[in-house]
Amino acid sequence: MRLRNTILTTAAFTTAFVLSGLIAGGSATVIEIRSRNAVRLAMEAAGHSWVRVQTDGLQVILLGTAPSEADRFRALTLASTLVDGARVVDNTDVESAQALVAPDFSLEVLRNDDGISLIGLVPAGVDRTALIEELRALVGEGTVTDMLASADYPAPPGWDEAVAFATATLRTVPRSKISVEPGKVFVTAITDSPEEKARIETSLARRRPADLKLSFDISAPRPVITPFTLRFLIDEEGARFDACSADTERARDRILAAARGAGAKGTLGCTLGMGTPSPDWAAAVEMGIGALNEMGSGTITYSDADIALIAADSVTPETFDKAVGELESNLPEVFSLKAELQKKPDTSEGVPEFSAILSETGRVTLRGRVLDDRERGLVENFARAQFGFEAVYGATRVDADLPAGWPTRVLAALEALGEVEQGRVVVRPDVVRVTGISGSPQASDAVARILSGHLGEAAAMELDVRYDKRLDPVLALPDGPECVARLNGVLAQHKISFEPGSSTIAADGAETLDALAAAMKDCQGFRMELAGHTDSQGRDEMNLNLSQERAAAVLSALRDRRVLVGNITAKGYGETQPLADNETEEGREANRRIEFVLLDGEPIEEELPEAIAPETAAPEMTEADPAEVLPEGDAPPMEDAAPMEEPAPEGDVDGQQAVEIPVSPASEAKARPKPRPDNLIPKQN
């Protein structure tokens, strides 16, 4: 009995143990599954899809590679909110940290009359002390304010070059903002005059390194024009302006439209400035040009509010009266009109004349008639003050029967001659003629303003003043040697390569050809040779032909880039002109080359007017024998000047600091201080 009880007790305990084990195991499995599923769902919902969840009994094991330490911490924190933190096993990794990216370095330089301010983020290696000392020497008594931050990273490519260019630019632009980034510079500046604006733009373009991206926005105030002058004429040569002024762009457009309506052709210009006598300036000019167009021939001159309309002798009195009547009746207030119908010219002999010729070298020859010895001295002294004491040669004769106002007309003509680089003025009782070439686009305006200011707006004048951009000191166009040096400098930096044994330019030559095309912009007027050379490998004849083909290929590529190549000749020299030893690879590489050679130092220009050609200019300076003084009429006759090139567009200055600008002797003579003619020449009414 006892044995039986013992067996039953043992069986009961065994059964209970097994049952408890089964129950405990089942409960653990249920908890394990629930915990794994709960953590997985929470991780997906929180965006931690990188986490893999495993369970081992009550333990929750997190696996995977976290994008960052912060993501890893967030995943662990989330798992601990769902199960006991003691049950969470962290087996996750973190992605390798990438190297920190260097910041975007930039520098803003602000300069005004008070000093210079530096703002931005620069590399720690920048010598700020040296930079600030350099700028302090530049501003003198002004202050240099350093508001720069720095970061301990190396300077990126192009940074040092851009900073050096910006620092040099500060010397030429006293009121400016210069923005600097690696390899880029942007300049915003205000100048005192259009001439200074053009000079700065030219300086920036000329100094720009080849690898630097440069942008600039230079502004200038409009000049004050006094008197506010406009002169329009219609003759056998057609309709054109001798001078044009407008107060706004809209007024300029209206005036030019009226001129085209009257038959003016080609490129027309009109100077924008301040000083207009009335806001109705454009309307008054439109009416005047319309009246002149109706008459068909003559001139109309505006000097502030005074208008002089002179009809040619070919206009009938009926047409003249009709056009003048309509104009007088409709002109805006303030404007006053003086109209005249010219009479047939006096063809009798002995018409008095005075002339002055300004040669290319800056010498001035005075010929013709003056009123008396006193006027002769006055005219010669005025000319010497204008052009230089040693530059004037006097060959005038006294004529006491000259018409009234003759001295004023002569002095006004000499002052007008000072506006051209070379030219001629002729003074007659009925007209003042000015012919010449100038490096200023506004020279014709200035001449008209001078003559109308001293002689009155009704004075008869004939102007043929042409603009030659190569005489323009603002543009500072390069001469022939400078052009060739510039082009060969491009080739020295980036050599043009060809396919082996071929005249096909390699693909990497496009950048060099683009740089050559840019360098050719102001050099297309010079006769040059584009020479091709090879090394000594291969037959002589083959090398000669290959060099010719390669030179022609470069010339064709420049033509494709819209370069005018009419003055460039392609010529191959083969192996005949080596620069280095052909026995070495380095020498052969140096001998395989393309280079430019200057054939003529003078640009190809249209011929100058005979009246101002050098051979008809002033003779050698000698004392004139009174018996040998030329009578009037011995001066070379006036002839039409050859057409000059159109002025370059404003701002059209690519590839061009405050560098010394070479000028012709005539330009140097013109640059000498001039007297104030208003104090010397009485105004003739």
(request) Please tell me if the side chains of Asp540 and Thr576 come closer than 4.5 Å, counting only heavy atoms from C-beta onward. (result) no
(request) Would you name the heavy atoms of Ala189 and Val173 that are closest together and state the gap between them? (result) CB-CG1, 4.0 Å
(request) Would you check if Ser176 and Thr188 make a side-chain contact, meaning some heavy-atom pair closer than 4.5 Å? (result) no
(message) Under a 3.5 Å distance rule, please check whether Glu360 uses its side chain to pair with a backbone N or O of Gln422 as donor and acceptor.
(response) no
(request) Kindly compute the distance separating CZ (Arg550) from CG (Leu530), expressed to the nearest 0.5 Å. (result) 13.5 Å
(request) Apply side chain to side chain contact (heavy atoms under 4.5 Å, CB included) to Thr169 and Val185, showing your working. (result) CA-CA 10 Å; Thr169 299; Val185 174; 5.8 Å; no
(request) Take Glu575 and Arg539 through the salt bridge (charged side-chain N to carboxylate O under 4.0 Å, His left out) test and state the conclusion after the steps. (result) CA-CA 10 Å; Glu575 60 187 76; Arg539 300 191 312 274; over 6 Å; no
(request) Answer yes or no: is there a donor N or O on one side and an acceptor on the other, between the side chain of Asp253 and the main chain of Leu256, under 3.5 Å? (result) no
(message) Between Glu181 and Lys213, does any side-chain N to carboxylate O distance fall below 4.0 Å?
(response) no
(request) Working to the nearest 0.5 Å, report the span between CE of Met274 and OG1 of Thr248. (result) 13.5 Å
(message) Restricting to non-hydrogen atoms, name the atom on Ala220 and the atom on Thr191 that form the minimum distance, rounded to 0.1 Å.
(response) CB-OG1, 3.2 Å
(request) Decide if atom CD of Glu585 counts as having more than 12 heavy atoms of other residues, nucleotides or ligands within a radius under 6.0 Å. (result) yes
(message) Strictly distance-based, threshold 3.5 Å: is any side-chain N or O of Lys495 a donor or acceptor partner for the main-chain N or O of Ile594?
(response) no
(message) So, taking the atom named CD in Glu549 and the one named OG in Ser556, what distance separates them when rounded to the nearest 0.5 Å?
(response) 12.5 Å
(request) Examine distances only and state if a side-chain atom of Asp127 and a backbone atom of Ala130 form a donor-acceptor pair shorter than 3.5 Å. (result) yes
(request) Identify the heavy atoms of Val465 and Ala443 that sit nearest to each other, and give their distance. (result) CG1-CB, 3.9 Å
(message) Atom CG of residue position Asn112 - does it have more than 12 heavy atoms of other residues, nucleotides or ligands inside 6.0 Å?
(response) yes
(request) With the side chain counted from C-beta on, respond yes when Asp211 and Pro209 share a heavy-atom pair under 4.5 Å apart, and no when they do not. (result) no
(request) Show your working on side chain to side chain contact (heavy atoms under 4.5 Å, CB included) between Met520 and Met528 and close with a plain yes or no. (result) CA-CA 11 Å; Met520 281 291 299; Met528 289 181 282; 3.9 Å; yes
(request) Pick out which of Thr77, Thr92, Thr65 makes a side chain to side chain donor-acceptor pair (under 3.5 Å) with Arg72. (result) Thr92
(request) Check whether any side-chain heavy atom of Leu118 sits under 4.5 Å from a side-chain heavy atom of Thr145, and report yes or no. (result) no
(request) Report, as yes or no, whether the 6.0 Å neighbourhood of atom CD on Glu511 holds more than 12 heavy atoms from other residues, nucleotides or ligands. (result) no
(message) For a quick check under 3.5 Å, do Glu595 and His533 share a side-chain donor-acceptor pair by atom type?
(response) yes
(message) Is the shortest side-chain heavy-atom distance between Val554 and Ile505 below 4.5 Å?
(response) yes
(message) Side chains of Glu249 and Leu272, heavy atoms from C-beta outward: is any pair under 4.5 Å?
(response) yes
(request) Measure across Ala251 and Ala282 and return the closest heavy-atom pair with its distance rounded to 0.1 Å. (result) CB-CB, 3.7 Å
(request) Classify the side-chain pair Asn591/Thr534 by whether it contains a donor and acceptor separated by less than 3.5 Å. (result) no
(message) Quick test of your reading: applying salt bridge (charged side-chain N to carboxylate O under 4.0 Å, His left out), list the pairs with at least one residue in residues 497-507, sequence neighbours left out, ordered by first then second residue.
(response) none
(request) Would you tell me whether Ser68 and Asp71 have side-chain atoms, one donor and one acceptor, within less than 3.5 Å of each other? (result) yes
(message) With a sphere of 6.0 Å drawn around CG of Asn91, does it hold more than 12 non-hydrogen atoms of other residues, nucleotides or ligands?
(response) yes
(message) What verdict does the side chain to side chain contact (heavy atoms under 4.5 Å, CB included) test give for Glu201 and Phe216, after you've listed the backbone C-alpha separation in whole Å, the side-chain angles of each residue and the deciding distance to 0.1 Å?
(response) CA-CA 8 Å; Glu201 289 176 341; Phe216 48 80; 3.7 Å; yes
(message) Tell me if a side-chain donor or acceptor on Arg222 pairs with a main-chain N or O of Asp247 at a distance below 3.5 Å.
(response) yes
Could you give the side-chain donor-acceptor pairs of residues 158-168 under 3.5 Å, partners two or more places apart or in another chain?
from	atom 1	to	atom 2	distance (Å)
Thr167	OG1	Val163	O	2.9

(message) Once rounded to the nearest 0.5 Å, what's the spacing between atom CZ of Phe526 and atom CG of Leu487?
(response) 11.0 Å
(request) Would you please name every residue forming a side-chain hydrogen bond (donor to acceptor under 3.5 Å, both in side chains) with Arg561, sequence neighbours left out? (result) Asp514
(message) Using side-chain heavy atoms (C-beta onward) and a distance below 4.5 Å, is Leu138 in contact with Arg111?
(response) yes
(message) Please tell me whether Ser440 and Ser438 have a donor and an acceptor in their side chains that are separated by less than 3.5 angstrom.
(response) no
(message) Between Glu108 and Ser179, do the side chains contain a donor N or O and an acceptor N or O under 3.5 Å apart?
(response) yes
(request) Check whether any side-chain heavy atom of Tyr467 sits under 4.5 Å from a side-chain heavy atom of Ile437, and report yes or no. (result) no
(message) Could you check whether any side-chain N or O of Ser245 sits under 3.5 Å from a backbone N or O of Thr229, counting only pairs where one atom can act as donor and the other as acceptor?
(response) yes
(message) Show the nearest heavy-atom pair for residues Trp50 and Ala75, with the distance to one decimal.
(response) CZ2-CB, 3.8 Å
(message) Could you report the tightest heavy-atom contact between Asn582 and Arg588, atom names first, then the distance?
(response) O-NH1, 2.9 Å
(message) Donor-acceptor check, side chain of Asp90 to backbone of Leu76, threshold 3.5 angstrom: yes or no?
(response) no
(message) Given 3.5 Å as the limit, does a donor-acceptor pair link the side chain of Arg208 with the main chain of Leu212, or not?
(response) yes
(message) If I take atom CD1 from residue Ile200 and atom CD1 from residue Ile218, how far apart are they, to the nearest 0.5 angstrom?
(response) 6.0 Å
(message) A quick test of your reading: do over 12 heavy atoms of other residues, nucleotides or ligands sit less than 6.0 Å from CZ of Arg175?
(response) yes
(message) Rounded at 0.5 Å granularity, tell me how far OG in Ser536 sits from CG in Asp581.
(response) 8.5 Å
(message) I'd like to know if Glu482 and Arg486 make a salt bridge, using a cut-off of under 4.0 Å between side-chain N and carboxylate O.
(response) no
(message) So that I can tick it off, tell me whether Glu419 and Arg449 are bridged by a salt bridge, with the cut-off set at under 4.0 angstrom between side-chain N and carboxylate O.
(response) no
(message) Using side chain to side chain contact (heavy atoms under 4.5 Å, CB included), reason through Phe186 and Asp217 one step at a time and then give a plain yes or no.
(response) CA-CA 8 Å; Phe186 182 78; Asp217 181 9; 4.2 Å; yes
(request) Step through the shown structure and confirm whether more than 12 heavy atoms of other residues, nucleotides or ligands are within 6.0 Å of CG on Leu148. (result) yes
